Amino acid sequence: MIRKRQVAVGDRFARVDTPRHVYVVVALVDKAGHPPHARLQAEEGTPYDEVLVGVTALLDPTVWCQAG
């Protein structure tokens with residue numbers, strides 16, 4: 001059986017094209033009728049450096065990578 005990787009609060013991600021800019025998952029957003037999203041905050045930014053990313057896009061290795 002293949003398990004689909006999940007996203008959890010506290011996970012760290014970076015965009016493939018800017019791997020030094022790390023974001024941390026601060027919340028998961030799951031609203032009825034919408035695909036699940038993750039709210040990411042820049043690790044070394046201000047509280048306003050946030051992005052909302054669809055979980056499917058976040059798990060796409062051509063766009064995002066998990067930061068160590």
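Starting from 1, each residue takes its place in the sequence as its number. Note that the structure is a prediction, hence the values are computed from the model and not measured.
Pairs engaging residues 16-28 under the salt bridge (Lys or Arg N to Asp or Glu O under 4.0 Å) rule: R15-D17 [sequence neighbours left out].
Taking 4.5 Å as the limit, some side-chain heavy atom of Y23 sits within range of a side-chain heavy atom of V51.
Shown here for Q6 and D11, the closest heavy-atom pair between the two residues is O-OD2, 4.1 Å. When all heavy atoms of P19 and A14 are compared, the pair lying nearest together is O-CB, 3.5 Å.
Other cluster members for V16: none, since no ILVMFWY side-chain heavy atom sits under 4.5 Å from it.
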- Message: Walk me through whether L59 and W64 qualify under side-chain contact (heavy atoms from CB on, under 4.5 Å).
- Response: CA-CA 7 Å; L59 295 175; W64 291 89; over 6 Å; no
- Given side-chain contact (heavy atoms from CB on, under 4.5 Å), test L58 with F13 step by step and report yes or no. CA-CA 8 Å; L58 193 59; F13 290 90; 3.8 Å; yes
Hey, can you pull the donor-acceptor pairs under 3.5 Å for the side chains in residues 26-45, sequence neighbours left out?
residue : atom : partner : partner atom : Å
H37     : ND1  : P35     : O            : 2.8
Q41     : NE2  : P47     : O            : 3.3
E43     : OE1  : R12     : NH2          : 2.9
E43     : OE2  : R12     : NE           : 2.8
E43     : OE2  : R12     : NH2          : 3.3

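Looking at residues two or more places apart in sequence or on another chain, you find a side-chain contact (heavy atoms from CB on, under 4.5 Å) between T62 and D60.
Linking Ile, Leu, Val, Met, Phe, Trp and Tyr whenever their side-chain heavy atoms come within less than 4.5 Å leaves V24 and V7 in two separate clusters.
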